[in-house]
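Structure first, commentary second.
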Amino acid sequence: MSVEPGPGVLEGLDAWRRLPVDQQPAWPDEDVARRARERLAALPPLVFAGEADELKAKLAAAGRGEAFLLQGGDCAEIFEEATADRIRQKVMTVLQMALILTYGASLPVIKMGRLAGQYAKPRSSDTETRDGVTLPAFRGDIVNGWEFTPEARTPDPTRLLDAYHTSASTLNLVRAFTTGGFASLLEAHRWNRGFMTNNPAYSRYEEIATEIDRAIRFMVACGADFEALRHVDFYASHEGLLLDYERPLTRIDSRTGTPYDCSAHFLWIGERTRRLDGAHIDFFSRVRNPLGVKLGPTATGDDAVALIDRLNPDGEPGRLTFVTRMGAGQVRDRLPALVEKVTADGRPVTWVCDPMHGNGIVSASGYKTRRFSDVMDEVAGFFEVHRELGTVPGGLHIELTGDDVTEVLGGTEEIDDEGLARRYETRVDPRLNHQQSLEMAFQVVELLRRS
Ligand code: PEP
Ligand code: MN
């Protein structure tokens with residue numbers, strides 16, 4: 001028995017088309033774009049509504065302090081990099097961080113990737129100029145190519161389908177890893193293969209893995225059943241930016257007759273597209289997934305409450321996550337007003353810290369980077385504010401990779417400006433590398449224990 005959508009629900013999913021819409025590409029050929037949308041609409045969903053509901057319940061728990069969200073992955077995924085090795089390294093990094101946090105803070109950790117769909121990027125300018133040549137800006141692999149040629153930079157709607165298929169194969173591998181035994185806690189001590197250096201974060205990880213191993217062997221000897229440890233729930237998320245992708249992948253859940261955006265479990269609305277009268281807020285208000293909204297230093301308490309009015313009027317727990325990204329210098333000044341206003345409103349939100357996007361700098365040699373110390377300072381400020389106000393720091397949203405890139409300054413490896421050149425690979429924002437990610441997890445354990 002399938003439940004039909006109520007009156008006006010399907011029409012409502014297209015109401016955004018009459019509203020101001022930011023950050024969309026100008027497709028050169030509308031016929032090709034229409035055919036790509038139609039094809040997407042006919043393809044199977046990438047995730048199921050039931051999984052999104054399950055995640056919503058877990059995010060509600062994070063909002064109450066009974067769980068902690070760890071959301072991490074690339075700033076922008078790249079089609080060519082969706083290889084088994086890279087995906088495995090990334091997933092493993094998130095799992096290792098989650099293990100450190102779970103063990104250190106005795107809290108269930110919700111594991112979520114910025115992956116299997118994180119292909120569209122908002123840009124501050126529509127164009128890029130190099131040596132007097134101006135071309136469309138790179139908007140992510142789902143829109144155009146990175147190469148600085150007119151051919152590559154022209155938006156190509158057939159990329160919508162490439163994004164779908166690459167997301168599907170990524171998700172397939174993630175599901176195989178996380179349910180097929182690879183992510184089993186019984187294997188945690190084996191995930192440290194590849195720790196080549198003497199980084200202190202690595203030796204601490206090995207210690208934890210050994211302790212967990214011993215505890216598990218003890219319990220196995222006692223006859224405990226470990227089925228639950230063999231499987232990990234790993235959720236997919238991306239910025240819900242490109243509406244020509246999100247709309248066709250939105251489907252009616254046959255259990256309830258309500259729409260879900262089945263491109264990912266969790267979608268967030270970025271700092272640049274969260275205007276209240278805009279297309280993104282209207283569209284996402286109509287799907288039932290758990291949603292995030294980024295809030296930068298200019299957001300006010302009234303903005304936050306207005307977003308709750310639009311996206312979670314009934315105060316459903318777990319529906320709305322505010323991902324604050326204030327910058328280390330501003331988080332202690334700006335965050336309290338938001339939290340106070342939202343707390344007074346009473347409808348629940350889950351507060352998550354993105355310590356990446358408010359801390360961008362350009363290094364002396366010209367790299368777009370961030371300082372690890374600023375990143376950690378924003379996380380510390382986020383915990384301090386919530387501790388003072390008696391509210392809950394519910395999670396972390398970070399840009400990371402499982403590879404040994406050199407994109408963020410500092411960490412115990414002490415990557416300096418010269419070091420950035422060694423392996424700077426990102427096409428958009430700088431990511432924590434594998435060691436820096438584990439270091440962060442150890443530092444966050446200390447903060448969680450105090451909160
Ligand atoms: C991002 O998450 O990569 C991003 C662009 O963030 P924000 O919307 O917070 O600037
Ligand atoms: Mn980014």
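Note that these values count all heavy atoms, side chains included, but never hydrogens, waters or copies made by symmetry. Order of appearance sets the numbers: ligands from 1, and atoms from 1 within every ligand. In what follows, residues are counted from 1 in the order of the sequence shown. As the structure is a computational prediction, the values presented were derived from the model and not from experiment.
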Closest to atom 3 (O) of ligand 1 among Glu239, Lys294, Lys121 (heavy-atom distance)
Lys121
Of Pro122, Gly270, Gly292, which has the heavy atom at the shortest distance from atom 5 (C) of ligand 1?
Pro122
Closest protein heavy atom to atom 8 (O) of ligand 1, given as residue, atom name and distance to 0.1 Å
Glu271 N, 2.9 Å
Output the atom name for the N/O/S atom of Glu399 with the smallest distance to the Mn ion (ligand 2).
OE2
Name of the Asp429 N, O or S atom nearest the Mn ion (ligand 2)?
OD2
May I ask you to check if ligand 1 and His357 share an N or O to N or O distance below 3.5 Å?
yes
I want to know if ligand 1 touches Arg325 in the polar sense, i.e. an N/O pair below 3.5 angstrom.
yes
Does some side-chain heavy atom of Glu246 sit less than 4.5 Å from a side-chain heavy atom of Leu242?
no
Non-hydrogen side-chain atoms of Phe68 and Leu396 separated by less than 4.5 Å:
yes
Show the atoms of ligand 1 that are less than 4.0 angstrom away from any heavy atom in Arg272.
5 (C), 10 (O)
Using a strict 4.0 Å cut-off to heavy atoms of Cys75, name the atoms of ligand 1 that fall inside it.
3 (O)
Pair [X], [Y]: side-chain N/O donor-acceptor within cut-off below 3.5 Å:
| X | Y | value |
| --- | --- | --- |
| Asp403 | Thr401 | yes |
| Thr83 | Asp85 | no |
| His265 | Glu54 | no |
| His397 | Arg114 | yes |
| Thr179 | His231 | no |

Close approach of Gln118 to ligand 1, heavy atoms, under 4.0 angstrom
no
So for Arg114, does at least one of its heavy atoms come nearer than 4.0 angstrom to any atom of ligand 1?
yes
To 10°, measure the SG(Cys75)-the Mn ion (ligand 2)-NE2(His357) angle for me.
170°
Are Lys341 and Asp345 ion-paired here, with the side-chain N under 4.0 Å from a carboxylate O?
no
